[in-house]
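One-based numbering, in listed order, for ligands and for the atoms of each. Keep in mind it's a predicted model, so treat the numbers as computed, not measured. Numbers here are sequence positions counted from 1.
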Amino acid sequence: MKWLFALLAAGVTAMVVAQTLQGPKRISLIVTGRFVITQNDARRVLSPGSVAIDGDTIVAVDAPEAIARQFAAADTISAVDDIVLPGLINTHTHAPMVMYRGLADDLALMDWLNQYIFPAEAKTVSPEMVRVGTRLAALEMIESGTTAYADMYYFEEEIAKATRDAGLRGVLGETIIQFPVADAKTPAEGLARAERFIKEFKDDVLIVPSVAPHAMYTNDSATLLASAALGKKYGVPVLIHLAETEDELRISRQQHQMTPAAYLESIGFWGPRMLAAHGVWVDDADIAILKRRGVAVSHNPESNMKLASGTAPVAKYLKEAVPLGLGTDGAASNNDLDMFEAMRQASFLAKHATHDPTAVPARTALDLATRGGARALGMEQLIGSLEPGRRADLITVSVAAARQTPLYDPVSHLVYTTRGDDVRTTIVNGKVLMRDRKVRTLDRAAVIADANRLAASVREAVGK
Ligand SMILES: [Zn+2]
């Protein structure tokens with residue numbers, strides 16, 4: 001019997017020696033935090049925790065000692081005072097519109113669009129404006145913890161290049177609109193441009209090219225259907241504004257005797273991979289259509305409040321399991337791209353509107369900005385949670401400020417006290433875009449100087 005134990009002990013020793021000789025697996029990066037909020041299906045939270053990253057992919061999430069035993073990383077980020085969480089996903093914006101930030105406030109959507117935004121765009125949108133604006137937006141997003149965003153604008157190829165250079169992930173839609181705009185005289189020209197754009201960026205690592213028919217009231221049915229067909233042809237997302245204001249509902253009822261969602265259903269517009277921004281003025285039948293067609297919705301509480309557009313029925317979308325993400329909308333109607341604020345306002349607006357303090361709790365708001373956004377973009381297998389096999393899109397948030405003290409529940413802090421400025425580290429696709437608040441992919445001073453220089457021409461265009 002004794003010799004058997006000796007033999008077994010020798011065997012175990014040999015195994016340990018073999019493992020030690022082989023050593024821990026070499027990987028590119030380990031991020032360690034006071035908390036790791038995984039946002040996986042079980043909503044696992046580690047305290048403390050580490051995320052092991054190799055190249056563009058998360059390979060393990062576990063206690064720091066367990067990760068240290070298994071892996072040796074070329075680089076480590078010890079954010080031991082921070083919360084580590086998935087990067088936030090902004091499902092609706094118009095990145096270059098940061099150039100119109102604060103240009104015209106306190107107006108209803110239709111006045112704001114027709115008197116200020118459309119005229120300013122007619123005079124100032126150019127490839128250069130889009131490039132400078134996107135770089136400014138990207139800087140703001142990286143600094144405030146957004147790692148992926150959906151965009152609808154013009155010269156989208158310039159937005160794609162600037163987004164890729166900044167290292168962000170983008171679902172970027174070339175706008176299709178009935179009237180002449182800076183990058184297309186006709187919707188047919190816009191569609192041709194969109195197709196070229198899709199072909200150019202179809203296989204990009206960070207960019208998902210898409211088609212963005214502006215709305216049902218700014219396009220005729222033929223243009224809407226051609227946009228949907230283009231999306232289907234290439235299997236790319238289709239982004240549209242839907243039922244944003246009561247005016248849109250009124251126009252739709254007058255012209256088509258139907259709600260916007262029902263009108264789009266009646267012409268056969270809805271299909272797979274569609275994302276509708278706002279979805280404020282919808283009834284139960286509209287929600288049933290969106291659910292049946294698998295259409296995702298982007299909820300933009302701050303823009304809806306600022307433009308007094310109304311309140312989206314978030315509780316109903318959640319109850320019907322309509323894929324739902326959060327967005328900031330363009331900075332001109334927000335006026336920033338801070339997704340922490342979007343989470344907080346989504347929660348507050350729902351409580352205020354329903355007189356129910358349990359509506360959109362912190363956990364739900366965080367879900368909407370992470371895994372909800374990923375699902376809305378059709379990317380839930382890639383991003384939105386920290387688990388092995390997912391792309392390494394993550395951020396760390398400092399909770400050292402007076403404002404963050406004391407800390408009983410990290411999820412409560414992320415939604416109710418954190419601001420974009422609290423983000424310390426931003427990582428996309430395994431690449432560190434910001435470390436200790438220093439952005440590595442953009443020259444901060446140059447980006448801001450370029451934007452200020454371009455603002456002079458915007459000011460001139462609207463006589464301000
Ligand atoms: Zn919008």
Side-chain angles (χ1 to χ4, degrees), residues 89-101 103-105 107-114 116-118 120-121 125 130 133-134 137 140-141 146 148-156 159 170-179 181-182 190 210-219 224 227 237-249 251 260-261 264 274-282 295-312 324-339 341-342 345-346 349 373 376-377:
I89 300 170
N90 185 346
T91 53
H92 180 67
T93 191
H94 314 280
M97 289 187 82
V98 289
M99 287 310 306
Y100 304 132
R101 192 193 323 260
L103 181 67
D105 298 307
L107 293 162
L109 178 79
M110 294 300 174
D111 295 337
W112 179 75
L113 278 179
N114 294 322
Y116 291 91
I117 297 303
F118 287 154
E121 286 183 335
V125 172
V130 163
T134 304
E140 187 182 349
M141 286 190 269
T146 291
Y149 78 106
D151 191 80
M152 301 169 68
Y153 213 60
Y154 310 103
F155 298 109
E156 206 66 38
I159 297 177
V171 174
L172 309 178
E174 168 66 22
T175 291
I176 312 294
I177 203 159
Q178 208 68 31
F179 53 81
V181 285
S210 8
V211 197
H214 177 268
M216 57 73 65
Y217 63 94
T218 45
N219 282 301
L224 289 165
S227 304
V238 177
L239 318 175
I240 188 168
H241 291 101
L242 178 77
E244 180 176 1
T245 62
E246 199 169 10
D247 272 341
E248 180 179 339
L249 179 64
I251 292 167
L264 290 168
M274 291 205 173
L275 175 61
H278 302 297
V280 172
W281 293 88
V282 291
V295 177
V297 172
S298 171
H299 174 42
N300 294 252
E302 297 168 88
S303 171
N304 294 161
M305 283 193 280
K306 183 163 187 266
L307 297 169
S309 301
T311 308
L324 189 66
L326 279 186
T328 58
D329 209 348
S333 60
N334 187 303
N335 286 357
D336 61 33
L337 304 177
D338 185 344
M339 283 292 293
E341 212 180 303
Q345 297 305 327
L349 176 60
L377 298 178

Original post:
Counting backbone and side chain alike, does Glu244 bring an N/O/S atom below 2.8 Å of the Zn ion (ligand 1)?
Top reply: no
**OP:** For the Zn ion (ligand 1), find the closest N/O/S atom on His241 and give its atom name.
**Re:** NE2
Subject >> Angle, NE2 of His92 through the Zn ion (ligand 1) to NE2 of His94 - 10° precision >> reply: 100°
Subject >> For the Zn ion (ligand 1), the closest N/O/S atom belonging to Asp329 >> reply: OD1
Original post:
Do Lys306 and Asp329 meet the salt-bridge criterion of a basic N to acidic O distance under 4.0 Å?
Top reply: no
**OP:** Only counting residues at least two apart or in another chain, list the ones meeting side-chain hydrogen bond (donor to acceptor under 3.5 Å, both in side chains) with Glu244.
**Re:** His278
**OP:** Return the set of residues passing side-chain contact (heavy atoms from CB on, under 4.5 Å) with Val295 (not counting sequence neighbours), or none when no residue passes.
**Re:** Trp270, Met274, Ala276, Leu290, Arg293
Original post:
Could you walk me through whether His214 and Asn219 pass the side-chain contact (heavy atoms from CB on, under 4.5 Å) check?
Top reply: CA-CA 7 Å; His214 177 268; Asn219 282 301; 4.3 Å; yes
